[in-house]
Amino acid sequence: METSTAIHSHDPHDPHGHGDHAEHHDLGFWRTYVFSVDHKVIGIQYAITGLLFLFLGFCLMMMMRWQLAYDGKPLPFFGPLLARFVKNGGMDAGGVPGVMTPDFYNSLGAMHGTIMVFLGIVPIAFGAFGNYLVPLQIGAPDMAFPRLNMASYHAYWVGGVLMLSSFFCPTGPPKSGWTSYSPLADLMDKQAGLIFNGQTIWILAMVILISSSLLGSVNIITTVIQLRAPGLTWMRMPFFTWTQLITAFLLLLAFPPLEAGSFMQLMDRVFGTSFFLPHGEVFNNQLVNVSGGGSPLLWQHLFWFLAHPEVYVLILPALGIVAEVITNNTRRPMWGYKAGIYAVMGIGFLSFVVWAHHMYLTGMGRVVSTFFQTTTILISVPSVIILTCLLLSLWGGSIRFTVPMLFATAFLPEFGIGGLTGIPLAFTSTDLFLHDTYYVIAHFHYIVAPGTIFAIFAGIYYWYPKASGRMMNQFWGKVHFWLSLICINMIFMPMFLQGMAGMHRRGFDGGKTYTLSAPALHWNVTIAHAAWGLGLVQFIFIFNFFWSMKFGRKVGANPWNATTLEWSAPSPPPHGNFVGPIAAYRGPYEYSVPGHPVDFVPQADPQGPRTDAGALGH
Amino acid sequence: MEQSHETSPSAGVGAALQGSKHFKGYVAIGITQVVFVLAAVGASFLPFHNPTSNILVVLFFAACNAACVASFSMHLKSEKWIIYRFLIITAVFLIGLFALTYIAFHDRLRLN
Amino acid sequence: MEMEIPYTVSARPDTGLYNAKIGIWLFLASEVMLFGGLFSGYVFLRMGAQPGYWPHGMLNVPIGTLNTCILISSSVTAVLAWASLKMRQFTQYQMWMAATIVLGVLFLIIKLCYEWPEDFKRCGVYIKQEALAKYEPYLGNQYLYSKGLPPRVEITGELENEDALTNPNTREYDLHVDATYADPTNPANDRPSFFQRPVSDKVVKINKADVDFASKFYPSHNTFFGCYFLIASLHALHVFGGLIVFSYFLITGSKLYRKNPEHLCNRVEVAGLFWHFVDLVWIFVFPLFYLL
């Protein structure tokens, strides 16, 4: 999980490379690359670790897709290999090596969700991009609490490794979904006194991950409030920094109730309490020997209190990245910058009071269901506002389709599809049919996969030159984009059809259980092939990423002719980020200022017109 | 970079702090808190007719106690507005969590 | 490396605060949500409990009151330690800081070495609904019903034999009942008392077939104890963490004081804020679990 050592350019002629380290004594390998307190190193550590986990979560999904498409058949090549290592005969169903058991399928599902959300997307979107870029974009030398930053990264990978270690437990990894619903999560695989079982490890790992995320959010908020450069007022901050700030607030305030719930579930599993177990609970045909008096719904409330703001944590940084890339590649200011900022604040606030729309089928009454239905519909308003602002930011622009721009532009309709398909889920009446079907899976994957992950790719292609001083190969970037776009839509679009046909989201048999869904089952094969195709395509990206570190075209501080403060720092920035004092003299998106000879004015340039197009909302 | 700013970090608080007068002030707050604790204990053993009043009275004294800690020991009384903003937002979400969970508990389908 | 971060010690003009103060208040906001989540769980479970199944008066009120006063005192000494630093009186700072640590340790010792072991000695037996009539002499439910009070469904006391509950060979066991169950129709026993009622001489023979659930007063005994031990343990962990931080400042304080006294002052203030919050949580834990 250690960071790559080859990010920085070693060109001795580059005046902004390692030469600037002269004033700081050499800290040695461990304190430079492993226990660094420099936000840039930590950001890259988060990125590499996060991408590794993302890849792992993807592999789990590819295995699941085999089972769904070819129910009961052995997974070629990898199947028999895994059969030797997977506990409890998870890949050895019926004695045939390589065939998945239903339990193991559930484990893959639970771990895919957990890894992608908590170990993949959030660390990359918030930990990597946030840590790396926020100090640079606000003109600060580092984060407000550098050592806390380091602690948060190490807590993250430790929590992640602990989570993965559940694969090696005697009873196997957790199987109760990423949502870990009680009573199943309370009782499954519980052997008296045995702490080393999958579900308990999941809970412990979650506690560590939540703590890591907490430290990170305190850091980002304090940094943005306290360390903005002179002249960088609130309404001159790049949209990306705003989204990171709101995301940090969501993480700060929404995670703790889940931590509380996790402690309760831990106590249920280890100490035999009954927080979530009602009286008279029967498991495996036996009356469970607990006091009872608990409520499974309590877990759901505490879990979804976090998990709903969590999905906004997944999307807000992506919106920020897309805004940066679009403004840069259309050579015009963001349309509706202020509206977008207020909309992001509105999303942040409303996201805390919509959570029970995940619980419509738990028997809540009319009043409370109507309340949550109303707030859920309301929250679509600011989301649409932001999407509209981004769309309108294309209008009248001088668009250049660089690789980041391809991903950012594709993000818009994909996020649109994802968001709009959420509407039937927001209404209780339609949700009655669609709840827990593949429709839901398609809806949220559209937002996270062609949504957030595409935005992450856009961000990586966009800021890679800043972090490394070299450009990724643009041709292979475009190949990566087009193939990914085709594959990813082939995966998720048919899922809407499957969901509307009533196919259940957690069935391991590909939906055969209910004859209702029979007409939609053939899509499983298409989806599986598209998923494996998508996996193969990512190797283009992976290769490009590492190859370009050594052989990519070298670039200077501002290869994209961008305006925000990070582009006024050298590529890669030295310790302390900026060479000389830095201040902001204008808004963040002063592109195509009328009368100015060049089509952009960097925010940090003391000469040049003092305009604030962003704040004026043109 | 910091040397140019001579403002004391907790200017509002530091300026108020002069001499042993404030030492006595903190001790007085402590004693007030103990009084509230004893009042709460005493109130909890009074014969209330319904449990709700019992709960309200005891929690009232607890709230007074908490207000003492927050305003004086944590110096919230003289703290900057931005801190209040964090706390108000937190309070709103906390009340939302309590209120909505409570309402969801009462407004539910029952099997009888 | 820290000194190049602006506003670590001095305040940023427009916010009027140094970094760590914002950081700690943000952290405390998240802690409010953490304990708030736990308390909301408590409210949910208490509301959902059937009449008689949520116990009252199970915990040692005098000890709880004493611990509350100890924590309040430590909160006062903590702020006095900071005030001494602000006035640059270092030895006084050390004295108050040491006092805070001593009081905090005392809180933990009383709780962990006396109060909880004493709790664990006692036992509670939940009687099945259909068997309640059989134990009426101990429960006095008809009397309670006539007074409009919630029924008693549990008999508490101390076990005659320590392994009575786990021994599969016995069908019944003896329980020395608490004073309340020795005289269940006495109006004085209607509500909990300030001092815990002692174990009486009366012994009841409990038939295992009549038992719904029985255990010592462990967290698993009922959701009340589950909530109480969870919240109190988490709180104790926070107390412990705070003591570690304070000890660190006590031991290494002089070095930083010589280099930059205002920096030490800020760090002690920030730690003090955390400590006051811990006190604040206890101010709610105590009435909710011990008194109500």
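Computed from a predicted model, the values in this text were never measured in an experiment. The chains referred to below are lettered A, B, ... by the order of the sequence lines, with proteins before strands, and numbering in each begins at 1.
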Please report the shortest heavy-atom distance between [X] and [Y], naming the atom on each side.
{"X": "L253(A)", "Y": "S30(C)", "answer": "CD2-N, 4.4 Å"}
{"X": "S291(A)", "Y": "H221(C)", "answer": "CB-O, 3.1 Å"}
{"X": "P146(A)", "Y": "I5(C)", "answer": "CG-CD1, 4.0 Å"}
{"X": "L17(C)", "Y": "Q226(A)", "answer": "O-NE2, 2.7 Å"}
{"X": "T222(A)", "Y": "N19(C)", "answer": "CG2-O, 3.4 Å"}
{"X": "P219(C)", "Y": "M267(A)", "answer": "CB-CE, 3.6 Å"}

Considering only heavy atoms and a distance below 4.5 Å, find which of [options] pairs most often with chain A.
{"options": "W25(C), F213(C), F229(C), F224(C)", "value": "F213(C)"}
{"options": "L38(C), T223(C), L230(C)", "value": "L230(C)"}
{"options": "S40(C), G36(C), S220(C)", "value": "S220(C)"}
{"options": "G226(C), A20(C), A214(C), S215(C)", "value": "G226(C)"}

Which portion of [X] sits near chain C, non-hydrogen atoms under 4.5 angstrom:
{"X": "F249(A)", "value": "side chain"}
{"X": "M264(A)", "value": "both"}
{"X": "N289(A)", "value": "both"}

Pairs of heavy atoms under 4.5 Å with chain C: top-ranked of [options]:
{"options": "I225(A), L258(A), L148(A)", "value": "I225(A)"}
{"options": "D268(A), D142(A), V290(A)", "value": "V290(A)"}
{"options": "L227(A), L215(A), L214(A), T223(A)", "value": "L227(A)"}

Inset, instruction - Flag yes if more than 12 heavy atoms outside F120(C) fall under 6.0 Å of its CZ atom; otherwise flag no. - result: yes
Legend entry - Neighbour count >12 (heavy atoms, 6.0 Å) for atom OH, Y248(C): no
Inset, instruction - Check step by step if side chain to side chain contact (heavy atoms under 4.5 Å, CB included) holds for R228(A) and D14(C). - result: CA-CA 11 Å; R228(A) 280 166 297 130; D14(C) 62 352; 3.9 Å; yes
Legend entry - Any F225(C) side-chain heavy atom under 4.5 Å of T273(A) side chain: no
Inset, instruction - Using a 4.5 Å cut-off on heavy atoms from C-beta on, say whether the side chain of M33(C) contacts that of F305(A). - result: yes
Heavy-atom contact with chain A under 4.5 Å, split by part of [X]:
{"X": "A29(C)", "value": "both"}
{"X": "Y126(C)", "value": "neither"}
{"X": "I24(C)", "value": "neither"}

